[in-house]
Novice: 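Pasting a structure here, questions to come.
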Amino acid sequence: MMDLVEAGHEGVDWARYDVLALGAPVLYGTYDRSVFDFVARHRAALEAKANAFFNVSVVARTPEKATVEGNRYMQKFLELSPWRPRDLKVIAGKVDYPAWAWHERQMIRLIMKYTHGPTDPTTVIDYTDWEDVRAYGRHLLTLA
């Protein structure tokens, strides 16, 4: 496993991997620019192997938004990315107001108000279905 900063500094030995899975969080309704920069720079290497993309967002806490088709942020990624991953997954994330800086907490509370999510600033809820994540990890191995 590597994060994008590490991959940028150290490079990636693509030959070491049989399956490539790129994951990205959705923050404030968007992906960090580094995700698209990485994809643009390494598109050929990504496409040369079995590959997958997954996103993590609190929006996926509802069943209809936990699907590739129903998740607007996955659709946004597919619109903006030149890479067409062979496999896609949406994973629900965590609300952790106490861990966030004051301004982030306020922004997320506002977003949650509009999306009918939790707004209590003491709330910590992990919406991640960890058994589903483990199953997805096993599924990735079948792509090789």
Novice: Are the side chains of V39 and F53 in contact, using a 4.5 Å heavy-atom criterion?
Specialist: no
Novice: Please enumerate all residues that pass side chain to side chain contact (heavy atoms under 4.5 Å, CB included) together with A101, with sequence neighbours excluded.
Specialist: H103, E104
Novice: Just wondering, are more than 12 heavy atoms of other shown residues or ligands nearer than 6.0 Å to OH in Y28?
Specialist: yes
Novice: Do R61 and I125 come within less than 4.5 Å of each other through their side chains, counting heavy atoms only?
Specialist: no
Novice: Tell me, please, which residues at least two apart from K76 pass side chain to side chain contact (heavy atoms under 4.5 Å, CB included).
Specialist: T30, L80
Novice: Tell me whether the count of non-hydrogen atoms from other residues, nucleotides or ligands lying under 6.0 Å of CE in M2 goes above 12.
Specialist: yes
Novice: Check side chain to side chain contact (heavy atoms under 4.5 Å, CB included) between V68 and all other residues, then give those that pass, not counting sequence neighbours.
Specialist: M74, Q75, L88, V90
Novice: Considering non-hydrogen atoms only, spot the tightest contact between M112 and V95 and give its length.
Specialist: CE-CG2, 3.5 Å
Novice: Okay, side chain of R72, backbone of G29: is any donor-acceptor separation there less than 3.5 Å?
Specialist: no
Novice: Report the residues that fulfil side chain to side chain contact (heavy atoms under 4.5 Å, CB included) with E131, sequence neighbours left out, ordered by chain and then residue number.
Specialist: D129, R134, R138
Novice: Please confirm whether the backbone N or O of T119 pairs with a side-chain atom of R109, one donor and one acceptor, at under 3.5 Å?
Specialist: yes
Novice: Can you give me the closest heavy-atom contact between A60 and A66, atom names plus distance?
Specialist: O-CB, 3.4 Å
Novice: Carefully, step by step, assess T62 and H116 under the rule side chain to side chain contact (heavy atoms under 4.5 Å, CB included).
Specialist: CA-CA 10 Å; T62 61; H116 308 290; over 6 Å; no
Novice: Of all heavy-atom pairs between V35 and L22, which one has the smallest distance, and what is that distance?
Specialist: CG1-CD2, 4.5 Å
Novice: When clusters are formed by joining ILVMFWY residues with side-chain heavy atoms under 4.5 Å apart, either directly or through shared neighbours, do F36 and L27 land in the same one?
Specialist: no
Novice: Between F38 and A7, what is the shortest heavy-atom contact and its length?
Specialist: CE1-CB, 3.9 Å
Novice: Say you draw a straight line from CD of E79 to OH of Y73; how long is it, rounded to the nearest 0.5 Å?
Specialist: 13.0 Å
Novice: Going by side-chain hydrogen bond (donor to acceptor under 3.5 Å, both in side chains), name the residues that satisfy it together with T142, two or more places apart in sequence or in a different chain.
Specialist: none
Novice: How would you list, by chain and number, every residue that makes a side-chain hydrogen bond (donor to acceptor under 3.5 Å, both in side chains) with D120, sequence neighbours excluded?
Specialist: T122
Novice: Which pair of non-hydrogen atoms, one from A52 and one from P85, has the smallest distance, and what is that distance?
Specialist: C-CB, 4.3 Å
Novice: Going by side-chain heavy atoms closer than 4.5 Å, which hydrophobic residues are tied to I91, directly or by a chain of links?
Specialist: V19, F54, V56, W130, V133, Y136, L140, L143
Novice: Tell me, please, which residues at least two apart from D37 pass salt bridge (charged side-chain N to carboxylate O under 4.0 Å, His left out).
Specialist: R33
Novice: For R43, which residues count as a salt bridge (charged side-chain N to carboxylate O under 4.0 Å, His left out) partner, sequence neighbours excluded?
Specialist: E47
Novice: Considering only residues two or more places apart or on different chains, which pairs with a residue in residues 3-21 satisfy side chain to side chain donor-acceptor pair (under 3.5 Å)?
Specialist: none
Novice: Which ILVMFWY residues are connected to M1, directly or by a chain of links, through side-chain heavy atoms under 4.5 Å apart?
Specialist: none
Novice: Partners of N55 by side-chain hydrogen bond (donor to acceptor under 3.5 Å, both in side chains), sequence neighbours excluded?
Specialist: Y31, N71
Novice: K94 and V58: which non-hydrogen atoms are nearest, and at how many Å?
Specialist: O-CG2, 3.6 Å
